[in-house]
Protein chains: 4
Amino acid sequence: GVQPVFILGPCVIESEAFVWDMARQIKGIADELGLRWVFKASYDKANRSSGKSYRGMSLEEGCGILAAIGKELGVPVTTDVHSPEEATRAAEWIDFLQIPAFLCRQTDLIEAAGRTGRAVNVKKGQFLAPWDVKNIAEKLQSVGCNNFVFTERGTTFGYQNLVADMRSLYWMRELGYRVVMDATHSVQRPGGLGSATGGDGKLAPVLARAAVAAGVDGVFIETHVDPSKALSDGPNQIPLGDLKGLLSQLLRIHEIAKE
Amino acid sequence: GVQPVFILGPCVIESEAFVWDMARQIKGIADELGLRWVFKASYDKANRSSGKSYRGMSLEEGCGILAAIGKELGVPVTTDVHSPEEATRAAEWIDFLQIPAFLCRQTDLIEAAGRTGRAVNVKKGQFLAPWDVKNIAEKLQSVGCNNFVFTERGTTFGYQNLVADMRSLYWMRELGYRVVMDATHSVQRPGGLGSATGGDGKLAPVLARAAVAAGVDGVFIETHVDPSKALSDGPNQIPLGDLKGLLSQLLRIHEIAKE
Amino acid sequence: GVQPVFILGPCVIESEAFVWDMARQIKGIADELGLRWVFKASYDKANRSSGKSYRGMSLEEGCGILAAIGKELGVPVTTDVHSPEEATRAAEWIDFLQIPAFLCRQTDLIEAAGRTGRAVNVKKGQFLAPWDVKNIAEKLQSVGCNNFVFTERGTTFGYQNLVADMRSLYWMRELGYRVVMDATHSVQRPGGLGSATGGDGKLAPVLARAAVAAGVDGVFIETHVDPSKALSDGPNQIPLGDLKGLLSQLLRIHEIAKE
Amino acid sequence: GVQPVFILGPCVIESEAFVWDMARQIKGIADELGLRWVFKASYDKANRSSGKSYRGMSLEEGCGILAAIGKELGVPVTTDVHSPEEATRAAEWIDFLQIPAFLCRQTDLIEAAGRTGRAVNVKKGQFLAPWDVKNIAEKLQSVGCNNFVFTERGTTFGYQNLVADMRSLYWMRELGYRVVMDATHSVQRPGGLGSATGGDGKLAPVLARAAVAAGVDGVFIETHVDPSKALSDGPNQIPLGDLKGLLSQLLRIHEIAKE
């Protein structure tokens with residue numbers, strides 16, 4: 001019966017001004033709709049397809065900005081961490097630590113995140129079956145972390161393609177876990193643009209609606225004022241101008257689906 | 001803006017009395033909800049996993065029963081046909097000819113169905129990409145058939161598993177085709193029960209909701225008064241007692257999704 | 001310890017003169033290498049991607065030509081059949097009846113082929129797990145057919161792609177069946193050329209060598225004097241000029257692999 | 001025309017005595033067969049399915065042992081590294097740095113390994129298409145590393161399964177890269193044993209033979225005196241007693257395949 005949580009924000013902190021502006025605009029939408037949300041932005045993109053792509057800023061700089069936004073706007077913030085050290089350092093500022101999908105099997109990282117006392121969001125690897133998140137849950141629980149969620153972000157489906165299996169959401173929830181749908185990264189076509197990761201942003205709302213109707217505890221959506229100018233993952237992000245309409249739809253579908 | 005069509009009925013005509021009873025009960029539900037529907041039942045299961053499984057009755061007997069039901073209850077009827085000859089013969093009684101997924105590439109069958117003047121429902125093969133239904137559409141159009149739909153029923157995903165890709169619905173509609181989601185067969189685990197085809201009936205409502213939220217023109221749901229006693233595909237059919245609640249949910253989600 | 005069987009020939013009977021010429025040239029190579037072989041050609045391509053593609057000739061004409069070739073050159077002949085009636089009619093002329101992969105679950109076809117008394121080659125569907133061929137074997141055995149083989153021709157792997165799983169060969173042989181590798185169709189990229197089925201003929205020798213080293217009872221290779229001019233499946237066929245070198249390699253690898 | 005390289009050793013350094021014994025026995029076999037080889041063992045298993053599994057020893061201890069073995073037996077040694085720091089530290093002792101498959105997209109790790117001046121072996125992620133290794137190659141080349149290979153270790157194929165695509169070997173070599181087949185990990189069934197990673201050791205020789213026949217520059221095979229007692233990846237390792245026969249077969253198949 002509870003409301004879903006929405007994890008919203010741009011892919012990467014393109015600049016301090018950019019990320020403050022994005023956060024304020026999203027807050028306006030969230031307040032209007034009365035929804036629970038978390039602000040998301042990455043300070044570093046450690047696993048870009050190409051070494052030449054934009055990477056971001058330092059952990060301290062990025063997390064400091066996010067923490068200031070969180071405090072000012074009264075919203076929890078989340079970002080992704082890539083090593084045990086980063087998890088520990090980021091936890092000083094960040095409410096909700098996100099483990100990238102490729103790293104979901106790195107025991108030291110999982111345990112370090114779990115030990116911080118912060119909530120943890122583990123993205124399910126593209127190579128992982130839904131019921132295998134149980135091993136990750138046990139690693140977190142073994143260090144005393146019980147406040148975690150798993151995020152579906154698609155499974156490898158042949159070459160350069162992912163498929164978002166709606167059954168996965170059901171199966172992970174059946175195991176007793178809270179589950180978030182990442183509508184943005186599930187529509188990636190990995191490697192499909194040569195040296196960047198392609199995708200199709202028109203599909204993100206389709207998958208978001210489908211997942212909410214299937215049944216989820218939250219939805220992760222990346223948004224950008226102008227996706228065509230985004231420094232990372234542009235093709236998959238939803239234009240900020242479309243966000244309110246989509247969120248409103250998702251809230252109403254959730255009301256029906258949870259019956 | 002139009003209402004979705006629901007294709008509803010048991011997997012197979014277990015007996016004349018059984019199928020009349022199912023049709024009358026479903027009609028009661030459909031009338032209460034005011035929904036557009038088609039009654040479905042197979043007279044023959046030509047591609048059972050095992051040669052020892054229940055197969056059904058003759059085409060003439062089966063189609064005669066379906067036609068009588070359709071006339072009496074005022075509902076179009078559909079059944080699947082397996083050869084050009086069957087398509088031609090079934091078309092005397094049947095409003096809507098269904099092409100089984102394994103046979104969706106058999107040119108003679110597609111063209112024979114298209115020539116009958118009846119509406120045609122082609123199930124997309126488990127081996128076919130969404131955009132490859134275009135070739136099937138052209139085969140139908142080449143014989144003058146323009147009244148057809150494509151049904152998504154899952155794609156091969158490793159061994160003994162199918163995945164229902166919600167993007168597929170979007171892509172096929174983008175090509176200009178009407179698209180039905182088969183929520184029953186998409187949850188099959190082919191071969192997973194040894195000599196029968198396994199599945200998980202609890203997942204069919206999950207996929208039906210997801211597909212309607214993603215956007216479809218229709219939903220195909222097999223239902224049975226007691227799935228545990230069904231002669232075919234029992235594990236995937238929805239208990240008749242659950243049907244009204246599910247259909248009501250789907251209608252309301254459709255209203256929101258079509259915005 | 002036995003020698004592998006090679007099923008060799010062009011995809012389709014382009015003309016009577018063409019198929020005689022192909023058969024004579026292949027026989028020359030087979031005799032030089034001292035290998036066991038079967039001559040293959042299709043008289044009809046019933047499941048072409050597009051309805052506009054070349055289809056072939058009548059069953060009687062095609063099978064008559066194949067039978068004459070078999071008699072004159074002293075080689076068994078094989079072709080594919082698409083319905084129970086075709087199986088029965090083709091069996092008058094044809095030594096070895098091939099069931100197309102899409103049709104491997106059609107019970108009536110399997111049983112009709114099994115009842116002819118001829119050897120049967122069932123291509124494993126792109127949607128079928130290796131261990132699920134057991135159900136097909138039982139359908140054949142139930143009508144008294146014990147002389148059959150299964151052919152691996154790749155499994156659906158995402159959209160518009162197939163993967164030839166070398167473990168499949170091992171698993172089917174472990175079940176006690178004789179197994180043939182279809183090196184030609186396993187390299188198809190279904191739908192990859194829009195309205196035809198694409199592929200990469202350079203990969204067919206790679207898969208043929210791999211399969212023989214993994215362990216098989218036979219190899220299926222389509223060959224054409226000039227693949228670029230073939231009326232069907234051109235991109236995957238091996239140029240006749242390359243055939244002898246490849247077959248010689250495969251024979252020697254088989255000697256080592258069977259240890 | 002060159003000889004393939006064999007990367008051989010146990011999954012993990014179970015103890016100093018164990019790994020010395022393994023290395024000496026493998027050297028005996030390699031010398032008899034006259035083959036080029038590299039000794040492999042992991043000091044730490046950082047991505048075990050379960051947090052309760054055996055992990056190993058410290059980097060310094062493990063690499064020190066490997067370096068001593070390499071010096072004494074005159075064989076290059078390899079091990080896997082999991083962070084930029086580990087890459088730098090391990091490179092003091094280790095000839096050939098291995099990047100685990102899950103980490104093949106971590107730019108900092110790839111570049112740190114590349115900067116050490118050591119040869120680098122990048123395992124292709126289970127989520128990566130063969131042609132997408134190009135981006136990894138460019139990251140290595142951008143820091144001056146030109147001595148690297150890619151290892152195929154299977155691609156995600158539905159849930160809890162991997163498939164080793166023999167075309168992948170061909171495609172990566174066509175791009176100009178040297179390619180190694182990991183016959184041990186390609187037969188894993190990830191998560192298939194609940195909290196450990198299952199597999200089938202009888203399949204490793206099948207895939208090794210297939211890959212060599214398809215065409216590779218090297219083969220990676222884990223071996224153990226008694227796989228049933230191995231502390232990690234037991235089910236997939238080849239019994240040491242079977243190693244010589246298998247390697248002899250592979251050498252002879254390579255001679256034929258490279259024609």
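Note on naming: letters A, B, ... go to the chains in the order of the sequence lines (proteins, then strands), and numbering restarts at 1 for each one.
For the residue pair B/Phe157 and A/Thr155, the shortest heavy atom distance occurs at CZ-CG2, 3.8 Å. Counting all heavy atoms, side chain and backbone alike, A/Ala210 lies closest to B/Met166 at CB-CG, 3.9 Å.
Under the 4.5 Å side-chain criterion, counting only non-hydrogen atoms from C-beta, B/Leu169 is not in contact with A/Val206.
Proximity to chain A (any heavy atom under 4.5 Å) is restricted, for B/Leu203, to the side chain, taken from C-beta onward. Residue B/Leu207 touches chain A through its side chain alone, counting heavy-atom pairs closer than 4.5 Å. For B/Ser168, no part lies under 4.5 angstrom from a heavy atom of chain A. With a threshold of 4.5 angstrom between heavy atoms, B/Leu162 approaches chain A through N, CA, C or O but not through any side-chain atom.
With respect to chain B, the highest number of heavy-atom pairs below 4.5 Å among A/Lys202, A/Glu259, A/Arg167 belongs to A/Arg167. Between chain B and the options A/Ala257, A/Pro205, A/Gly215, heavy-atom pairs under 4.5 Å are most frequent for A/Ala257.
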- Task: Please test B/Ile256 against A/Ile256 for side chain to side chain contact (heavy atoms under 4.5 Å, CB included), starting from the C-alpha separation and ending with a verdict.
- Result: CA-CA 10 Å; B/Ile256 299 166; A/Ile256 299 166; 3.4 Å; yes
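Among pairs with a residue in residues 176-186 of chain A, those fulfilling salt bridge (charged side-chain N to carboxylate O under 4.0 Å, His left out) read A/Lys123-A/Asp182, at least two apart in sequence or across chains.
Atoms CD and CZ, on B/Glu255 and A/Arg252 in that order, are 10.5 Å from each other to the nearest 0.5 Å.
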